[in-house]
Amino acid sequence: MSDRGLAVAFISPALLLLLAMSVFPLLWALYLSFTDYSATRGGPAHFLWFENYTAILASAQVHLRALTTLIYVVGAVALQTVLGFTIAYLISRRTHGRGLLTTLFLVPMMLSPVVVGLFWRFMLDAQFGVINSMLGSLGLGQVEWLTRQRTALISLIVVDTWQWTPFIMLIALAGLTAVPKYLYEAASIDRASEWFRFRTITLPLVWPLLLIAVLFRAIEAFRLFDLVYILTSGGPGVSTETLSFHVYKVAFLGFNTGTASAYGILMVLVVIVLTQLYLRYLNKLKED
């Protein structure tokens, strides 16, 4: 076999698997999004063209779910970024026990989201949860964490922050350890303050890497489903119903497959557009 034929022979299985598992479902969902297809209704699907898309974009329910998702994404990612970078900065200043501390902080990220959801659902239980037991021992009243609109979304943000702050911490720690030591030595010779070193050396060099971590976490938070399903099921009411969970209800509870496919395509487009804008900002930051 020629080199080209050998390369094709080795690449073809992985390429076919990629087409079968990723590209074909996406194209099939794109086709279904223009129809009234339902997984439980017999008969052929009828073309609606852009009716599904216009109905979704004009729906007040979708606007409410989009606002809930936005609040969740901004709150969770911002909190994770601040905590993750702070923990990474404190760990990077230690000379002993750094590996052990890093491993301990990474444990939540290694757990399955379903396990994390069940674990925190028991902890946040209004009657038997350990959180309310601790509040009661301190003389404070019990809080209905998952059954009140004011606290349910906050609880989701806290649980997601507990699990995924180590991701931000790990990337920030990698950036902090890669900062050249001679920069700090030169700053010490000039008797620069700790705040001056952080503001002019540490933060500018770690900032681009931290922004990449924020991008990945924002995409994952935008697609949140598992924690909502386990902890609140979108309740109370629809106060914690994110877009992903709403798509699940439309597809698998209402069996409106065509509409759910349109939801999915619109979510993909939103992520692509926002990611491109974000990457342009990163490239501009790199050039500057």
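Just so it is clear, the structure is predicted and the values come from calculations on it, not from any experiment. Numbers here are sequence positions counted from 1.
No hydrogens or angles considered: a donor-acceptor pair under 3.5 Å links the side chains of Tyr184 and Thr202. In this model, a donor atom of one side chain and an acceptor atom of the other lie less than 3.5 Å apart for Ser188 and Arg197.
Between the CZ atom of Arg280 and the NZ atom of Lys284 there is a distance of 11.5 Å, given to the nearest 0.5 Å. In this structure, CD1 in Ile154 is found 12.0 Å from CZ in Arg148, a value given to the nearest 0.5 Å. Note: Ile157 CD1 to Thr151 OG1 = 11.5 Å, rounded to the nearest 0.5 Å. Expressed to the nearest 0.5 Å, how far NE2 of His63 lies from CG of Leu70 amounts to 13.0 Å. Going from atom CG of Leu118 over to atom CG of Leu227 covers 10.0 Å, rounded to the nearest 0.5 Å. To the nearest 0.5 Å, atoms CG (Asp226) and OG (Ser112) are separated by 7.5 Å.
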Using side-chain contact (heavy atoms from CB on, under 4.5 Å), reason through Gln61 and Val238 one step at a time and then give a plain yes or no. CA-CA 10 Å; Gln61 293 183 353; Val238 294; over 6 Å; no

Yes or no on side-chain contact (heavy atoms from CB on, under 4.5 Å) for Leu153 and Ser239, after CA distance, side-chain angles and deciding distance? CA-CA 7 Å; Leu153 188 59; Ser239 59; over 6 Å; no

Starting from the C-alpha separation in whole Å, work towards a yes-or-no answer on side-chain contact (heavy atoms from CB on, under 4.5 Å) for Trp162 and Val116. CA-CA 9 Å; Trp162 180 83; Val116 172; 4.0 Å; yes

Where do Leu279 and Leu215 land on the side-chain contact (heavy atoms from CB on, under 4.5 Å) test, with the steps shown first? CA-CA 9 Å; Leu279 291 177; Leu215 173 63; 4.0 Å; yes

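Linking Ile, Leu, Val, Met, Phe, Trp and Tyr residues whenever their side-chain heavy atoms come within less than 4.5 Å leaves Ile219 and Val74 in two separate clusters. Note: the hydrophobic cluster containing Val82 does not contain Val206 (ILVMFWY, side chain heavy atoms under 4.5 Å, direct or indirect links). Cluster annotation: Val270 and Phe50 are assigned to the same hydrophobic cluster (Ile/Leu/Val/Met/Phe/Trp/Tyr, side-chain heavy-atom contacts under 4.5 Å, transitive). Criterion: ILVMFWY side-chain heavy atoms under 4.5 Å apart, direct or through other members. Under it, Phe245 and Val158 are not part of a common hydrophobic cluster. Follow the hydrophobic side-chain contacts under 4.5 Å out from Val114 and you reach Val159 in the same cluster.
Remark: the backbone N or O of Leu83 is not paired with any side-chain donor or acceptor of Thr165 at under 3.5 angstrom. The closest donor-acceptor contact from the side chain of Gln80 to the backbone of Ile168 lies at 3.5 Å or more, if one exists at all. Under a 3.5 Å cut-off, the side chain of Arg121 and the backbone N or O of Leu146 do not form any donor-acceptor pair. Although no hydrogens or angles enter the test, the distance criterion places a donor-acceptor pair under 3.5 Å between the side chain of Ser33 and the main chain of Leu30. Counting only distance, with no hydrogens or angles, the side chain of Asn132 and the backbone of Gln127 share no donor-acceptor pair below 3.5 Å. The closest donor-acceptor contact from the side chain of Ser233 to the backbone of Gly235 lies at 3.5 Å or more, if one exists at all.
Between Leu224 and Ser244 the shortest side-chain heavy-atom distance does not fall below 4.5 Å. Side chains of Val228 and Leu156 form a contact here, defined as non-hydrogen atoms less than 4.5 Å apart. Put simply, the side chain of Phe34 reaches to within 4.5 Å of the side chain of Tyr53, judged on heavy atoms. Considering only heavy atoms from C-beta on, Val247 stays 4.5 Å or farther from Phe225 through its side chain. Proximity of Asp160 to Arg217: side-chain heavy atoms (C-beta onward) are separated by under 4.5 Å at one or more points. Between Val62 and Leu57, every side-chain heavy-atom pair lies at or beyond the 4.5 Å cut-off. Residues Arg93 and Leu176 fail the side-chain proximity criterion, which asks for heavy atoms closer than 4.5 Å. Using a 4.5 Å heavy-atom threshold, the side chains of Ile212 and Ile171 count as separate.
Environment of CG in Asp3: sparse, with no more than 12 heavy atoms of neighbouring residues, nucleotides or ligands closer than 6.0 Å. Heavy atoms from other residues, nucleotides or ligands lying under 6.0 Å from CE of Met21 number 12 at most. For OH of Tyr229, the number of neighbouring non-hydrogen atoms (other residues, nucleotides, ligands) closer than 6.0 Å is 12 at most.
Contact record, Thr232 with Thr240: OG1-OG1, 2.8 Å, taken as the closest heavy-atom pair. Contact between Thr69 and Leu243 at its shortest, heavy atoms only, is OG1-N, 3.0 Å. Thr177 and Arg98 make their closest contact through CG2-NH1, 3.9 Å (heavy atoms, listed as atom of the first residue, atom of the second, distance). A pairwise comparison of heavy atoms in Val77 and Ala221 identifies CG2-CB, 4.3 Å as the closest pair. Between Leu211 and Tyr278 the shortest heavy-atom distance is O-OH, 2.8 Å. A pairwise comparison of heavy atoms in Phe255 and Ser38 identifies O-OG, 2.6 Å as the closest pair.
Classified by interplanar angle (parallel below 30°, tilted 30° to 60°, perpendicular above 60°), the ring pair Trp28/Tyr31 is tilted.
Pairs passing the ring pair (Phe, Tyr, Trp, His ring centres under 6.0 Å) check and including a residue from residues 190-221, sequence neighbours excluded, read Phe85-Phe198, Tyr89-Phe198, Trp195-Phe198.
Aromatic ring centroids of Tyr72 and Phe222 lie 6.0 Å or more apart.
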